[in-house]
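Encoded as structure tokens, the structure appears first; notes follow it.
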Number of protein chains: 2
Amino acid sequence: MAPVTTDLTHGARPGVPTLDEVAVLAGVSRATVSRVVNESPRVSPEARVAVQAAIEQLRYVPNRAARSLVTRRTDTIALVLSEPNSQVFSDPFFASIVHGVSAALAETDLTLVLLTARDAREQRKIARYARQGHVDGVVLMSLHSEDLLPDMLSEAAVPLVLCGRPYDGREVAYVDADNRGGARVATEHLLGLGRRRVAALTGPMDMIAGVDRYAGWVQALADAGREPDPALVAHGDFTEAGGEAAMARLLDQAPDLDAVFVASDPMAVGALRALRAAGRRVPEDVAVVGFDDAAVATTCDPPLTTVAQPLDRMTTELVDLLRARIDGEAGPTESRTCPTRLVRRASA
Amino acid sequence: MAPVTTDLTHGARPGVPTLDEVAVLAGVSRATVSRVVNESPRVSPEARVAVQAAIEQLRYVPNRAARSLVTRRTDTIALVLSEPNSQVFSDPFFASIVHGVSAALAETDLTLVLLTARDAREQRKIARYARQGHVDGVVLMSLHSEDLLPDMLSEAAVPLVLCGRPYDGREVAYVDADNRGGARVATEHLLGLGRRRVAALTGPMDMIAGVDRYAGWVQALADAGREPDPALVAHGDFTEAGGEAAMARLLDQAPDLDAVFVASDPMAVGALRALRAAGRRVPEDVAVVGFDDAAVATTCDPPLTTVAQPLDRMTTELVDLLRARIDGEAGPTESRTCPTRLVRRASA
DNA sequence: GCCTGTCGTGGAAGCGCTCCCACATTTTCG
DNA sequence: CGAAAATGTGGGAGCGCTTCCACGACAGGC
């Protein structure tokens, strides 16, 4: 019953123009409009100009649902924060990564979906979500050793890049900072200051960043011919409160410590407070080096000497790597480790 | 050329099952499967069971692109952080809101898209994105007075809820904390402690939360029969560094102050540092009250008396209100203001 | 016992887009 | 100068889904 001629009114649908309407206005076929929109070279200049004018006039924007239905792409990637502790959400490092990825994507036509998984049930929900093809790829961050997502996603052949080296050394693309090298340099700096009892306030040991930064401290001591003293090690959880508590333990275990390498800036801020509470001066009595070069490192008292990660570069690499994998251009499991850099301030 | 019989292989498409395959397996038509999936009541129990079994067996999940193409819904909402200063991204308040909204949505079938707009260009890009129908609705947060998005989005009839009262009192749905009331109570608390010179360290005055919290301070003074002294006011930007600088100014302008109401906890932490640097004891010399009840309020020294916002409730309301608007059930511009609560700790 | 009304169901028409294919030109080269 | 290749274009199929419509089966009312 419907007329065969193109029906542009479609009842009372509001303003949103379609490809057809652009085609009619430009005096070409739908296919040609599509080619212009998708920047195909096989379009004559005249047609291109006409179509662009029509697009402009109609304020046409392609319907993404229709497009992904046929292209099987969504132009969306998920950033999964797999972290039971919701407080970590405000960790400056994660905030920076989220912000950086978002910024890197703003340049492209990709959209960022932020997902959080607090437990195994939510991890499964996210895997399912990804398997449906709702996203073209996934960036996984804040990985703990027991996380299910790397397995579930790679099994489902979802393009995947980890932010942080995988805990178990599996074959998967990742971007990481040179945590070990950074920690080594930080510790060497403390040793170079003439400190004799350099403690380590580590991150959680079920996270690779925690493990690697600890390993860097161990290595620096070894290189200097020292044996790591267990009394000089305390484990934190990357939070300020955790750092404060761990520092208090450290002072208890090794009252004679004269320097401490702290595996994250928020923890270092907590450590500074514990040191002050214990009456130690920083850096005179105890030199402190943090990790991350978070904003707080410049504002705390004293300002923190810390290890900076190249966040911009890391987020760019993250996005590049994922895009390559989505486009199928990826090498097997290409990965990048970005150099870190010591930033000297007053605390050491 | 293609056979009329249902072609289930479709070339070499990998595992993802479609409605058709479920229908064939269950021995019903596509329409019936669709009804089961969408929980239509018009399905016989037998058919329903058969379809559910088939769905289970095939691990079928509906293709969202296909669905939204016809339903014109995406089951996605955007959380837009419209903030030029990327550092604010790690503000504990925003982190909490993002996390809370994400959690509230986890219960539903909606997905959260996080978008950031650093400047007018990005605001336009986001408006365009929303106009295309890529999201069903938008939550706007961190609004400054000159933000273009409320206008652009409401003009485009995109369902919209603001997190925070609109600056200009326009007609738009919003959820906000009772900032003014909280500030008033905080200030009254300081006055009730017998403090005579109660200063205000405000947030940015182009944000409504900054304005309202300042107004609460003014009101409490007025209620107590005092005139607000301009020397007792300094403006911050909700950051720790800004709070520290503003506190220093305040001490300069009014060395005799004996209490200060600070419009956010991060600023209060900065203020504590400035006070310590100036040799003032907290709370003996200067009592301090913050705002937000951020995690840092419990860990700083001394722990902060502060005004807590009901974050869980606010995020739930935010999502409820937006859903109602998306479903077209919304009253004109229903809004909610959530009560705040004073949390007493050592700083006042 | 026939006429309605309800109910469950399947057929089929699209949603807006991409892309394969065929066709009509035009260009290039043996 | 004719055949082959290149080029721009439009027709049309179909992505996976929802939903309108029609149809048969059965129930109840007179």
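In what follows, chains carry the letters A, B, and so on, assigned in the order in which the sequence lines appear, proteins first and then strands, with residues in each chain numbered from 1.
- For the pair A/Arg42 CZ and D/dG10 P, the computed distance is 16 Å after rounding to whole Å.
- B/Thr315 places a side-chain N or O within 3.5 Å of a backbone atom of B/Leu311 that can act as its donor or acceptor partner.
- For B/Ala47, the listed nucleotide lying nearest its side chain is C/dT9; candidates were D/dG16, D/dT18, C/dT9.
- Of all non-hydrogen atoms in A/Arg165 and A/Asp176, the two that sit nearest each other are N-OD2, 3.0 Å.
- Considering only side-chain N and O atoms, B/Ser44 lies nowhere under 4.0 angstrom from the phosphate OP1 or OP2 of C/dC7.
- A straight line from CG of A/Asp75 to P of C/dG16 spans 19 Å, rounded to a whole angstrom.
- Put simply, CG on A/Leu19 is 20 Å from P on D/dG14, counting in whole angstrom units.
- Taking atom CG of A/Asp20 as the reference point, atom C1' of D/dG10 lies 13 Å away to the nearest angstrom.
- Applying the 4.0 Å criterion to OP1 and OP2 of D/dC17, one finds that B/Arg64 has every side-chain N and O outside that range.
- Closest to the side chain of A/Ala66, out of D/dT18, D/dG11, C/dC17, is C/dC17.
- Taking every side-chain heavy atom of B/Ala31 into account, C/dG10 is the closest of C/dG10, D/dG12, D/dC17.
- For the pairing with A/Arg64, the side-chain hydrogen bond (donor to acceptor under 3.5 Å, both in side chains) check across A/Asp75, A/Thr71, A/Thr111 returns one residue only, A/Thr111.
- For the pair B/Arg30 CZ and D/dT19 P, the computed distance is 14 Å after rounding to whole Å.
- Residue B/Thr32 places at least one side-chain N or O under 4.0 Å from the OP1 or OP2 atom of C/dG10.
- Rounded to an integer number of Å, the gap from CG of A/Leu58 to C1' of C/dG16 is 14 Å.
- Within 3.5 Å, a donor on the side chain of B/Arg35 pairs with an acceptor on the base of C/dG10, or the reverse.
- Between the CG atom of A/Leu69 and the C1' atom of D/dT18 there is a distance of 12 Å, given to the nearest Å.
- At the heavy-atom level, A/Val37 lies nowhere under 4.0 Å from the strands shown.
- Nucleic acid contact for A/Ala65: none, since no nucleic acid atom lies under 4.0 Å from a heavy atom of the residue.
- A pairwise comparison of heavy atoms in A/Val172 and A/Pro166 identifies CG1-CG, 3.7 Å as the closest pair.
- A donor-acceptor pair is defined here as one N or O able to donate and one able to accept, closer than 3.5 Å; no such pair exists between the side chain of A/Asp136 and the backbone of A/Arg73.
- Contact between the side-chain N/O atoms of A/Ser68 and the OP1/OP2 oxygens of C/dC17 is not found at any separation under 4.0 Å.
- The distance from atom CG of A/Asn63 to atom C1' of D/dC17 is 14 Å, rounded to the nearest whole Å.
- Within the structure, a side-chain polar atom (N or O) of A/Ser34 is placed less than 4.0 Å from OP1 or OP2 of C/dT18.
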